[in-house]
Amino acid sequence: MEAQKPTVAKPAAKKSEGSNVAGIKNAFLVILACLVVAVLLFIFWFGHESHFEEGHPIDLWGTIYKGGFIVPILQTLFLTVIVLSVERWIALSSAKGKGSIEKFVANVKKCLAANDIQGAKNLCKNQKGSVAAVVAAALNSYEEMDKNTVLTKEQKVANLQKTVEEATALEMPALQQNLPIVATLTTLGTLVGLLGTVIGMIKSFQALAASGAPDSTELSTGISEALINTAFGIATGAFAVISYNFYTNKIDNLTYAIDEIGFSIVQTFAASH
């Protein structure tokens, strides 16, 4: 009778964890909510009768209302940029963690120089955020490779590098989330504003081309529509550019810190083994 082979227990599969960075996952809901707010503002505030006298605007709000149907579209884009910018501020603040990233990186390097892996892990627990999450994953791999007696040194270093890359790849989408939409609004806001400007100018030229004396009301309405839409388009595009560049720079700083400390962990392992 053939001897039965012993059953080898398989290691439990690690639970895949996503990034803990706070943020809005579905930007479409944000755009939809901003559209509702913009339409309500346009109808019930800008279009309120208190802003008009005999059909003519008497203040800025009435003038904005005369900008036409493009105005709520531009307001939607502008509000979306504001909401997503605030959302990215909250998300990147949580990704940064507690305290200064520069001090955290310097303290982890000191622990690595002293071969105090547990001390570095404690720093990660206190810091939290994306950088600390990547460092903690690398330190766990560091300890696993340190106890491993099967793999060669080159294989251990390669596995450690792979862990850092995988942990970084897990955090990057959460850091960059919704920024492509802000980048799109940079151009879209300007183009929609230009569309409103062209429509307003067409109305103005139609008033000038009318038979007899030109209708001053129609002329002023067309000019108002052109200028209001131009203003909203420029404001949306400018704010989107500033927001996108600001947060892209913050993400670059976080990425640099991750790369710097990941390289230090790998180099420390390679030098001490």
Side-chain angles (χ1 to χ4, degrees), residues 15-35 37 75-109 111 120-141 163-190 235-266:
K15 182 181 179 181
S16 58
E17 298 180 356
S19 173
N20 292 321
V21 177
I24 298 175
K25 305 300 181 182
N26 193 346
F28 175 76
L29 296 178
V30 174
I31 298 174
L32 186 61
C34 290
L35 175 61
V37 172
Q75 286 179 327
T76 299
L77 301 181
F78 186 70
L79 289 174
T80 300
V81 172
I82 293 176
V83 172
L84 292 184
S85 296
V86 173
E87 182 267 345
R88 282 296 87 193
W89 177 271
I90 297 173
L92 294 182
S93 296
S94 68
K96 175 177 173 289
K98 300 178 180 178
S100 170
I101 287 293
E102 291 76 13
K103 290 183 179 180
F104 171 70
V105 172
N107 290 334
V108 171
K109 283 185 175 181
C111 290
K121 293 176 71 173
N122 291 334
L123 288 174
C124 294
K125 290 180 180 179
N126 294 330
Q127 178 71 17
K128 299 182 179 180
S130 293
V131 179
V134 174
V135 176
L139 292 174
N140 289 333
S141 179
T163 299
V164 174
E165 292 172 358
E166 289 178 349
T168 303
L170 183 66
E171 296 294 331
M172 288 308 296
L175 297 178
Q176 297 175 341
Q177 189 174 11
N178 295 330
L179 279 184
I181 297 176
V182 176
T184 302
L185 294 179
T186 300
T187 305
L188 186 60
T190 305
T236 301
F239 194 79
V241 167
I242 294 171
S243 176
Y244 180 79
N245 289 334
F246 176 77
Y247 291 119
T248 299
N249 183 63
K250 290 180 71 70
I251 292 173
D252 288 342
N253 291 336
L254 290 174
T255 304
Y256 176 78
I258 291 173
D259 291 341
E260 180 183 4
I261 202 165
F263 178 79
S264 297
I265 293 174
V266 173

Applying side-chain contact (heavy atoms from CB on, under 4.5 Å), run through Phe104 and Cys124 and close with a yes or a no. CA-CA 8 Å; Phe104 171 70; Cys124 294; 3.9 Å; yes
Taking every heavy atom of Ala137 against every heavy atom of Ala167, the minimum-distance pair comes out as CB-CB, 4.0 Å
Donor-acceptor contact below 3.5 Å, side chain Gln127 vs main chain Lys96: yes
Sequence neighbours excluded, the answer for salt bridge (Lys or Arg N to Asp or Glu O under 4.0 Å) partners of Lys121 is Glu143
Can any side-chain N or O of Arg88 pair as donor or acceptor with the backbone N or O of Val83 at less than 3.5 Å? no
Rounding to 0.5 Å, atoms CG (Leu179) and OG (Ser85) come to a distance of 8.5 Å
Give the table of side-chain donor-acceptor pairs shorter than 3.5 Å for residues 252-260, with sequence neighbours excluded, one pair per line with atom names and distance.
from   : atom 1 : to     : atom 2 : distance (Å)
Asn253 : ND2    : Asn249 : O      : 3.4
Thr255 : OG1    : Ile251 : O      : 2.8
Glu260 : OE2    : Lys109 : NZ     : 2.5

Supply the atom-to-atom distance Leu77 CG to Ile82 CD1, rounded to the nearest 0.5 angstrom. 11.5 Å
Of all heavy-atom pairs linking Ala132 and Lys128, the shortest is CB-O, 3.2 Å
Closest non-hydrogen atoms of Val164 and Val134, given as atom of the first, atom of the second and distance, are O-CG1, 4.2 Å
Partner set under side-chain contact (heavy atoms from CB on, under 4.5 Å) for Ala27, not counting sequence neighbours: Asn178, Ile181
Can you tell me how the ring of Trp89 sits relative to the ring of Phe246, calling it parallel under 30°, perpendicular over 60° and tilted otherwise? parallel
List in chain and number order the residues that pass side chain to side chain donor-acceptor pair (under 3.5 Å) with Thr163, two or more places apart in sequence or in another chain; answer none if no residue qualifies. Ser141
To the nearest 0.5 Å, tell me how far Leu92 CG sits from Lys250 NZ. 6.5 Å
Looking at residues at least two apart in the chain, or sitting in another chain, which of them share a side-chain contact (heavy atoms from CB on, under 4.5 Å) with Thr76? Ile31, Cys34, Leu35, Ala38, Thr80
For Ala133, all residues meeting side-chain contact (heavy atoms from CB on, under 4.5 Å), sequence neighbours excluded: Glu171
Contacts of Thr168 meeting side chain to side chain donor-acceptor pair (under 3.5 Å) (sequence neighbours excluded), chain-then-number -> none
Can you confirm whether more than 12 heavy atoms, excluding those of Tyr247, are under 6.0 Å from its OH atom? yes
For Asn107, which residues count as a side chain to side chain donor-acceptor pair (under 3.5 Å) partner, sequence neighbours excluded? none
The criterion is side chain to side chain donor-acceptor pair (under 3.5 Å); which residues satisfy it with Asn122, sequence neighbours excluded? Gln118
Name the atoms and distances for all side-chain donor-acceptor pairs under 3.5 Å in residues 183-190, with sequence neighbours left out.
from   : atom 1 : to     : atom 2 : distance (Å)
Thr184 : OG1    : Pro180 : O      : 2.9
Thr186 : OG1    : Val182 : O      : 3.2
Thr186 : OG1    : Ala183 : O      : 3.3
Thr190 : OG1    : Thr186 : O      : 3.3

Can you tell me if Thr248 uses its side chain to pair, donor with acceptor, with the backbone of Tyr244 under 3.5 Å? yes
